[in-house]
Amino acid sequence: MTTTFIPPSVPEISTYRTTTYVSEIPESVLKNPEKPCCLGVDEAGRGPVVGPMVYGVSYCLEEYEPRLKDFGFADSKTLTEQKRSELLESLCSGDHELRKNVGWATTSISACDISSAMLKPHNIGNYNLNEQAHDVTMELIDKVIQEGVNLRHVYVDTVGPPASYQKKLQQRFPALVITVSKKADAIYPCVSSASVCAKVTRDVCLRTSNGEENLLDCGSGYPSDPNTKKWLAQSIHPLFGWSRDVRFSWQTAKDCLERHNSIKVVFGEEEPSPVNFGDLGLSKQKTDFMDLEISTSWWGH
């Protein structure tokens, strides 16, 4: 295994837009379409001010799931970067046991798309982070189902109230058994696998970003990270702030802009829509005086 592994979930050409990757269906699942599968869901990068939020899913035959522990799958935060990279590389290696038994997929929600959704005008209605996360989770589950995988049980790691989220998912997928749990990445092996897929994808995305700033120096991207704070302060532009790798909707970014006396931009109110004279019961018929100069038609006469 190499230390420079770049997973297929990271676009070859870096982009500021949200991207999704879906692996091929593993051999064991294809050969046993009648056997039930389980799927785990987890994310990486929910809290950072820099980089994407990545959601990952991982699935396999239910009978195979206990085997994942033998390879060392666990909550990705408890594993070294090297170990996480090795595990995901194994999932991608055609002759490896894991590749033949485990399928996976990720969606990397870009910082640009996160901020654009959260900063929509009030008259349109913003799209908060929870809503974005829920929708992406359901889309990933649906993609696996559409591939013909015989899903029976879905396990989801959550940082919010499990009950309401589980109810929402159960309504969306009534034929599945849904379990939403805190610390699911440490309890269910398929969630541990999803956690690794998401974490490695996010980390590599940061290293390969095409932003103008060098993201290798931004630390973990979390607001509490001293390296991230330092990077934000040193990379700031007085007018444009940073590249689209930064979540401008985060309070951390807003505070940093204010502390460094960045140029404040005030947007004027939108122009009012043209009056619909028909709705007012007034005629839009042109009259002779409309062609006259204002000064001779009525002003001063």
Side-chain angles (χ1 to χ4, degrees), residues 7-9 20-44 54-76 84 87-107 133-158 160 162-201:
S9 49
T20 295
Y21 169 80
V22 181
S23 75
E24 295 181 356
I25 301 174
E27 182 180 309
S28 64
V29 174
L30 283 174
K31 289 183 176 180
N32 300 279
E34 76 289 348
K35 290 187 176 181
C37 295
C38 59
L39 177 145
V41 183
D42 200 8
E43 54 79 23
V54 181
Y55 265 80
V57 300
S58 178
Y59 65 91
C60 62
L61 297 176
E62 285 188 333
E63 63 187 33
Y64 184 82
E65 189 193 18
R67 176 81 172 122
L68 295 176
K69 288 185 176 181
D70 298 335
F71 289 97
F73 280 104
D75 175 2
S76 64
R84 292 192 298 264
L87 286 172
L88 185 51
E89 189 169 2
S90 297
L91 287 174
C92 299
S93 301
D95 58 347
H96 198 282
E97 178 185 329
L98 285 172
R99 172 64 190 84
K100 296 177 181 180
N101 288 278
V102 181
W104 60 286
T106 61
T107 290
H134 292 178
D135 287 348
V136 164
T137 295
M138 290 187 284
E139 288 170 4
L140 285 171
I141 295 172
D142 194 54
K143 283 183 183 297
V144 174
I145 293 174
Q146 295 301 318
E147 290 285 328
V149 176
N150 183 21
L151 278 188
R152 171 185 287 178
H153 206 140
V154 172
Y155 302 90
V156 184
D157 186 83
T158 182
S164 58
Y165 189 18
Q166 181 167 312
K167 181 180 179 181
K168 182 177 182 178
L169 290 174
Q170 195 67 72
Q171 290 175 337
R172 175 66 178 79
F173 301 102
L176 302 179
V177 178
I178 307 290
T179 298
V180 177
S181 170
K182 293 183 179 181
K183 305 296 182 183
D185 51 357
I187 303 172
Y188 307 106
C190 61
V191 182
S192 302
S193 177
S195 175
V196 167
C197 295
K199 177 63 175 170
V200 174
T201 297

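- Under the rule for a salt bridge (Lys or Arg N to Asp or Glu O under 4.0 Å), D95 has no partner lying at least two apart in sequence or in another chain.
- A 4.5 Å side-chain heavy-atom check between V29 and N150 finds every atom pair outside the cut-off.
- Minimum interatomic distance between Y59 and I25 (heavy atoms only, all atoms of both residues): OH-CA, 3.6 Å.
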Side-chain donor-acceptor pairs of residues 185-196 under 3.5 Å, sequence neighbours excluded:
from : atom 1 : to   : atom 2 : distance (Å)
S192 : OG     : D185 : O      : 2.5
S192 : OG     : Y188 : O      : 3.3
S193 : OG     : S58  : OG     : 2.7
S195 : OG     : D42  : OD2    : 3.2
S195 : OG     : S76  : N      : 3.3
S195 : OG     : S76  : OG     : 2.7

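- Within the model, atoms CG of L169 and CG of L176 stand 9.5 Å from one another, a figure rounded to the nearest 0.5 Å.
- Here the side chains of W104 and C92 are in contact, with some heavy-atom distance below 4.5 Å.
- Here the closest non-hydrogen pair linking C38 and L151 is C-CD2, 4.2 Å.
- Take H153 and apply the side-chain hydrogen bond (donor to acceptor under 3.5 Å, both in side chains) test, not counting sequence neighbours, and it matches Y155, T179.
- Here E43 contributes atom CD and T106 contributes atom OG1; the two are 13.0 Å apart, rounded to the nearest 0.5 Å.
- The shortest non-hydrogen separation linking P7 to L88 is CB-CD2, 3.6 Å.
- Residues meeting the salt bridge (Lys or Arg N to Asp or Glu O under 4.0 Å) test with E139, sequence neighbours left out: none.
- Residues passing the side-chain hydrogen bond (donor to acceptor under 3.5 Å, both in side chains) test with K35 are E63, sequence neighbours excluded.
- With rounding to the nearest 0.5 Å, the separation of CZ in R99 from OG in S93 is 9.5 Å.
- Atom CD of E24 has 12 or fewer neighbouring heavy atoms from other residues, nucleotides or ligands inside a 6.0 Å radius.
- You'll find the side chain of S23 stays beyond 4.5 Å of the side chain of L91, heavy atoms only.
- Of the possible donor and acceptor atoms, one in the side chain of D157 sits under 3.5 Å from a partner among the backbone N and O of K183.
- Shown here for F71 and H96, the closest heavy-atom pair between the two residues is CE2-CE1, 3.7 Å.
- Distance CG/D135 to OG1/T107: 11.0 Å, rounded to 0.5 Å.
- Pairs of residues two or more places apart, or lying in two chains, that qualify as salt bridge (Lys or Arg N to Asp or Glu O under 4.0 Å) and include a residue from residues 142-155 are E62-R152, D142-R172.
- The shortest heavy-atom contact between N32 and S28 is ND2-O, 2.8 Å.
- By the 30° and 60° cut-offs, the orientation of the rings of Y165 relative to H134 is parallel.
- Here Y21 pairs with nothing under the side-chain hydrogen bond (donor to acceptor under 3.5 Å, both in side chains) rule; sequence neighbours left out.
- For T201, the side-chain hydrogen bond (donor to acceptor under 3.5 Å, both in side chains) test picks out S9, with sequence neighbours left out.
- The backbone N or O of F173 sits less than 3.5 Å from a side-chain atom of Q170, completing a donor-acceptor pair.
- Rounded to the nearest 0.5 Å, atoms OH (Y64) and NZ (K100) are 10.5 Å apart.
- Proximity of L140 to T20: side-chain heavy atoms (C-beta onward) are separated by under 4.5 Å at one or more points.
- Using a 4.5 Å heavy-atom threshold, the side chains of V102 and F73 count as separate.
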